[in-house]
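This report refers to the structure that appears directly beneath it.
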Amino acid sequence: MHSKHFIELAKARYSCRKYDSRPVEQEKLDLVLEAGRVAPSAVNFQPWHFYVIQKPEDLERFYGAYHREWFRTAPCVIVICADHSRSWKRKEDGKDHADVDVAIYTDHMTLQATELGLATCWICNFYVDRTRELLGLPEQLEPVVILPLG
């Protein structure tokens, strides 16, 4: 069904820091987002929200969330947020599994992107407060990953 065995796909994924300026085709973007949607999560609570940024003017504004020149080459950026109001908390110690669930969600998307010939880069070292402001995030949503795609 697929052209690559899983281990080959996993080895092919890398952190890309230079993107082609061509827009990501909607069909490919939809498949990447669907791969995230079907990711497992604790108690299937799916405590994530995502924001897709593609319009040049929106991207230009969003570049303030992460100051690296290479980031400006990505034609699409997905911001993945943990929803702490929906996430499962372990009863024994209250551990919030939102970060774990978001990581699995993001990993599914990066692997789907790779299979489609697209590149990604997990960005976790970004300006959280600036990202919250730019997206107008409510308190329960925590931006966890910025994922350039192209």
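When a residue number appears, it is its place in the shown sequence, counting from 1.
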Validation row: [X], [Y] side chains within 4.5 angstrom (heavy atoms):
X	Y	result
R130	L134	yes
V77	Y51	no
Y19	P148	yes
C76	V52	yes
W122	I146	no
H108	P40	yes
H84	P47	no
V79	F62	yes

Would [X] end up clustered with [Y] when hydrophobic side chains under 4.5 Å apart are linked, directly or stepwise?
X	Y	result
M109	L29	yes
V24	L33	yes
Y105	V144	yes
Y127	W70	no
F50	L111	no

Quiz item: Does D20 pair with R22 as a salt bridge, N-O distance under 4.0 Å?
Solution: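 A salt bridge is present here (some side-chain N lies under 4.0 Å from a carboxylate O).
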Quiz item: Can a salt bridge be assigned to the pair R72 and E60 using a cut-off of 4.0 Å between side-chain N and carboxylate O?
Solution: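 A salt bridge is present here (some side-chain N lies under 4.0 Å from a carboxylate O).
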Quiz item: Parallel, tilted or perpendicular: which describes the rings of H97 and W88, with under 30° parallel and over 60° perpendicular?
Solution: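 It falls in the tilted class, 30° to 60°.
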Quiz item: Cut-off 3.5 Å, side chains only: do Q26 and D30 have a donor facing an acceptor?
Solution: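 Note: Q26 and D30 side chains meet the donor-acceptor criterion.
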Is a donor on one side and an acceptor on the other found under 3.5 Å between the side chain of [X] and the backbone of [Y]?
X	Y	result
R132	P143	no
E8	H5	yes
S41	Q46	yes
Y66	Y63	no
K89	S87	yes

What's the shortest heavy-atom distance between [X] and [Y], and which atoms?
X	Y	value
A65	T131	CB-OG1, 3.3 Å
W48	R86	O-NH1, 4.4 Å
C81	L141	CB-CB, 4.3 Å

If I take atom [atom1] from residue [X] and atom [atom2] from residue [Y], how far apart are they, to the nearest 0.5 angstrom?
X	Y	atom1	atom2	value
Q112	L9	CD	CG	8.5 Å
D58	L135	CG	CG	10.0 Å
L147	C124	CG	SG	9.5 Å
D83	L137	CG	CG	10.5 Å
L116	E27	CG	CD	8.5 Å

Quiz item: Counting heavy atoms not belonging to E69, are there more than 12 under 6.0 Å from its CD?
Solution: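 No - once you tally the heavy atoms of other residues, nucleotides and ligands closer than 6.0 Å, there are 12 at most.
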Quiz item: Counting heavy atoms not belonging to K18, are there more than 12 under 6.0 Å from its NZ?
Solution: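 Atom NZ in K18 is not packed in, count stays at 12 or less.
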Quiz item: Looking at I78, T110, V32, T106, which hits side chain to side chain contact (heavy atoms under 4.5 Å, CB included) with T120?
Solution: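 Running side chain to side chain contact (heavy atoms under 4.5 Å, CB included) over I78, T110, V32, T106 with T120 returns exactly one hit, T110.
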Quiz item: For the rings on H67 and F126, is their centre-to-centre separation under 6.0 Å?
Solution: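 Judged by ring-centre distance (under 6.0 Å), H67 and F126 do not meet the cut-off.
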Self-check item: F71 six-ring face occupied by R68 cation (under 6.0 Å, within 45°)
Solution: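 No, R68 does not sit over the ring of F71.
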